[in-house]
Peer 1: 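I have a structure here, written as structure tokens, and I will follow up with some questions on it.
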Amino acid sequence: MRMVDLIAKKRDGKTLSKEEIDFIIKGYTEGEIPDYQMSALAMALYFQDMTTDERVNLTMAMVESGDQIDLSGIEGIKVDKHSTGGVGDTTTLILAPLVAALDVPVAKMSGRGLGHTGGTIDKLESISGFQVELDSQAFNQLVNKNKVAVVGQSGNLTPADKKLYALRDVTATVNSVPLIASSIMSKKIASGADAIVLDVKTGSGAFMKDLAAARELAQAMVSIGNGAGRDTIAVISDMSQPLGFAIGNALEVKEAIDTLKGHGPADLTELCLTLGSHMVYLAKKAHSIEEAREKLKQVIDNGQAIEKFKTFIAAQGGDASVVDQPNKLPTSRYTFEVKADQDGYVTDIAAEEVGVAASMLGAGRMTKESEIDLAVGVILQKKIGDRVQAGDILAIIHSNHTGINEVEAKIQAAYSIEKDKPELHPLVYDVIS
């Protein structure tokens, strides 16, 4: 087999076999196929797409290029959740204990965030003493005992994807559905889950800005997951404004605590119930999505969900008293109010701009070496559809510095206020199964 022939084959719109895809991924991972040939193939894939079988074969070849997590020692059906990312996306912090409260094993491996705020791991490190590094034996034992553990990603998972991802970034082939889908799904499958629930975001604050593109990506990932033998569903959810009110690490932990106690933001609560009900159903802990949803509402109402969160924190060395005393979480030195300059209705909040504002405060990292300030961020006071008067507070900035004029201007500009009340976007557009 020669790589040049396979590039030509895909360029001409023909289908690559499993053996050909395995040859490409193995050769590229081991350095036998150079970047310039892989770049040519990536561009061919960008224009010619791939069949479902090709996508599954590409995904599994990337899975097999490195380590695979063995969760067979954990009892029950392990269901993983993945979000394509957004602003104020606190769902994992809520879903892990919420679903575990119904005896669904949540064995979650998460990364650190490069972007507006930290990732789930960074957010959990807002809790004093919380340990994100566990060996596989301790991790499995905790999940068997408490039904939940969340750790940082370790090992050499999907090295082929890491190489290919870096290459796509500099060859204008990032926005290729088969390459995005196989990248995401290879990591999920290598992480050992039996079933996967995907939260595919769409809107101004999402990677996929329009609904048609989000639906195409969701269908691609579901086809790959099911083709690889994992029960997979995708929820397409709205990210035309930040989810919930909090954007920032410790601020999001506090919002997760509020939500698990039953008084979190309506949109965040609703999305967690939607995603969680599918996780519970795939884990066969309910006979229907509706039954799963009712069970989740019950464990919030009776306090089992927040108690599971306390157990989860304490088991990984964290100070569980933050649940009842959230003032123990990192707190910024200063707060500043951003006020409306006119009367009307909030018609738009540029989610990405609010995220950038939070990162300017230090809530996110721009490089892997950046230090995150866990205390800072933004808490929205008004969302789309809310009536405001000039002087009303739109958002509160939490900062450890006083020079926040640029941040304040960015948040002010992110809000659009008009005379007429807008139509609200649905929170969930579709479920692909």
Side-chain angles (χ1 to χ4, degrees), residues 71-72 74-84 89-110 120 143-144 146-150 181 184-185 188-189 191-201 214-215 217-238 243 256 259-260 262 264 266-302 304-306 308-309 312 426-433:
L71 300 181
S72 60
I74 297 172
E75 299 152 11
I77 298 170
K78 281 74 70 180
V79 185
D80 201 355
K81 189 275 307 182
H82 175 80
S83 168
T84 57
D89 190 357
T90 316
T91 51
T92 295
L93 293 176
I94 299 159
L95 284 168
L98 176 59
V99 171
L102 290 176
D103 286 334
V104 176
V106 181
K108 182 79 179 158
M109 272 149 273
S110 290
T120 299
V143 180
N144 275 329
N146 301 322
K147 295 300 178 187
V148 58
V150 180
I184 292 170
M185 294 306 293
K188 291 291 103 184
I189 292 166
S191 295
D194 300 315
I196 301 164
V197 174
L198 301 161
D199 179 14
V200 180
K201 305 289 192 187
R215 186 173 276 120
L217 177 60
Q219 288 170 335
M221 291 194 291
V222 169
S223 295
I224 288 171
N226 289 330
R230 309 302 195 274
D231 278 343
T232 307
I233 70 102
V235 172
I236 301 176
S237 68
D238 182 59
L243 184 63
T259 305
L260 286 164
D267 57 347
L268 180 58
T269 300
E270 174 60 27
L271 185 58
C272 286
L273 288 172
T274 300
L275 296 170
S277 61
H278 285 284
M279 293 173 75
V280 171
Y281 178 69
L282 289 183
K284 302 194 188 312
K285 293 293 183 179
H287 297 296
S288 67
I289 301 297
E290 294 73 24
E291 183 192 347
R293 186 185 181 88
E294 285 307 310
K295 286 184 170 186
L296 289 170
K297 287 161 77 173
Q298 284 170 17
V299 293
I300 291 174
D301 292 343
N302 66 23
Q304 285 177 251
I306 197 65
K308 183 61 75 173
F309 193 47
F312 159 55
L427 180 63
V428 173
Y429 288 97
D430 205 355
V431 177
I432 310 289
S433 61

Peer 1: Taking it one step at a time, do Val79 and Val106 satisfy side-chain contact (heavy atoms from CB on, under 4.5 Å)?
Peer 2: CA-CA 6 Å; Val79 185; Val106 181; over 6 Å; no
Peer 1: Would you compute the distance between atom OH of Tyr429 and atom CZ of Arg215 and round it to the nearest 0.5 angstrom?
Peer 2: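 Those atoms lie 10.0 Å apart.
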Peer 1: Before giving the answer on side-chain contact (heavy atoms from CB on, under 4.5 Å), spell out for Val200 and Met221 the whole-Å C-alpha distance, their side-chain angles and the decisive distance to 0.1 Å.
Peer 2: CA-CA 10 Å; Val200 180; Met221 291 194 291; 3.6 Å; yes
Peer 1: Does Arg230 use its side chain to pair, donor to acceptor, with the backbone of Ile196 at less than 3.5 Å?
Peer 2: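 The answer is no, because no donor-acceptor pair under 3.5 Å joins these two groups.
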Peer 1: Is there a donor-acceptor pair under 3.5 Å between the side chain of Thr84 and the backbone N or O of Lys201?
Peer 2: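 Yes.
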Peer 1: Short question: side chain of Asn302, backbone of Gln304 - any donor-acceptor pair under 3.5 Å?
Peer 2: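 Present.
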Peer 1: Are side-chain N/O atoms of Thr92 and Lys81 paired as donor and acceptor at under 3.5 Å?
Peer 2: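 Short answer, yes.
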Peer 1: Does CZ belonging to Phe312 count more than 12 external heavy atoms closer than 6.0 Å?
Peer 2: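 More than 12 heavy atoms, drawn from other residues, nucleotides or ligands, come within 6.0 Å of this atom.
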Peer 1: Enter the distance from Leu243:CG to Cys272:SG here, rounded to the nearest 0.5 Å.
Peer 2: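 Between atom CG of Leu243 and atom SG of Cys272 there are 7.5 Å.
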Peer 1: Answer yes or no: is there a side-chain heavy-atom contact under 4.5 Å between Val431 and Ile236?
Peer 2: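 They are not in side-chain contact.
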Peer 1: Identify the heavy atoms of Ser433 and Val222 that sit nearest to each other, and give their distance.
Peer 2: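 In terms of heavy atoms, the two residues are closest at C-CG1, 3.9 Å.
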Peer 1: Can you tell me how far the OG1 atom of Thr120 sits from the CG atom of Leu95, to the nearest 0.5 Å?
Peer 2: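 Here the rounded value is 10.0 Å.
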Peer 1: Please collect all salt bridge (charged side-chain N to carboxylate O under 4.0 Å, His left out) contacts where either partner lies in residues 270-282, sequence neighbours excluded, each pair once.
Peer 2: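 Only Glu270-Arg293 qualify under salt bridge (charged side-chain N to carboxylate O under 4.0 Å, His left out).
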Peer 1: Distance check, rounded to the nearest 0.5 Å: Ile233 atom CD1 versus His278 atom NE2?
Peer 2: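 Output value for this atom pair is 4.5 Å.
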Peer 1: For a quick test of reading the model, state the closest non-hydrogen atom pair linking Thr90 to Ala256 and the distance between them.
Peer 2: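 Looking at all heavy atoms of both residues, the closest pair is CG2-CB, 3.9 Å.
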Peer 1: Given side-chain contact (heavy atoms from CB on, under 4.5 Å), test Lys108 with Val148 step by step and report yes or no.
Peer 2: CA-CA 8 Å; Lys108 182 79 179 158; Val148 58; over 6 Å; no
Peer 1: Measuring from Gln219:CD to Asp430:CG, what's the distance to the nearest 0.5 Å?
Peer 2: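 One finds 8.0 Å between CD of Gln219 and CG of Asp430.
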Peer 1: Identify the heavy atoms of Ser110 and Val150 that sit nearest to each other, and give their distance.
Peer 2: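 Looking at all heavy atoms of both residues, the closest pair is OG-CG1, 4.2 Å.
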Peer 1: Quick one: salt bridge (Lys or Arg N to Asp or Glu O under 4.0 Å) partners of Lys188, sequence neighbours excluded?
Peer 2: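 Asp80.
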Peer 1: Which atom pair, heavy atoms only, marks the closest approach of Ser277 to Ala292?
Peer 2: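 Scanning both residues completely, I find the closest heavy atoms to be O-CB, 3.4 Å.
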Peer 1: For the side chain of Asn146 and the backbone of Lys308, is there at least one donor-acceptor N/O pair under 3.5 Å apart?
Peer 2: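 Answer holds: no.
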Peer 1: Give the C-alpha distance, both sets of side-chain angles, the deciding distance and a yes or no for side-chain contact (heavy atoms from CB on, under 4.5 Å) between Asp238 and Val428.
Peer 2: CA-CA 6 Å; Asp238 182 59; Val428 173; over 6 Å; no
Peer 1: What's the shortest heavy-atom distance between Ile300 and Leu260, and which atoms?
Peer 2: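 It is CG2-O, 3.7 Å.
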Peer 1: Tell me which pairs pass salt bridge (charged side-chain N to carboxylate O under 4.0 Å, His left out) where either residue lies in residues 277-292, with sequence neighbours left out.
Peer 2: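 Residue pairs passing salt bridge (charged side-chain N to carboxylate O under 4.0 Å, His left out), neighbours aside: Glu291-Lys295.
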Peer 1: Counting distance only, does the side-chain N/O of Asp194 pair as donor-acceptor with the main-chain N or O of Lys78 below 3.5 Å?
Peer 2: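 Between the backbone of Lys78 and the side chain of Asp194 there is a qualifying donor-acceptor contact (under 3.5 Å).
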Peer 1: For Leu268 and Thr91, work out which heavy atoms get closest and say how close.
Peer 2: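 In terms of heavy atoms, the two residues are closest at CD1-CG2, 4.1 Å.
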Peer 1: Would you compute the distance between atom CG of Leu198 and atom OG of Ser83 and round it to the nearest 0.5 angstrom?
Peer 2: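 Separation between the atoms: 9.5 Å.
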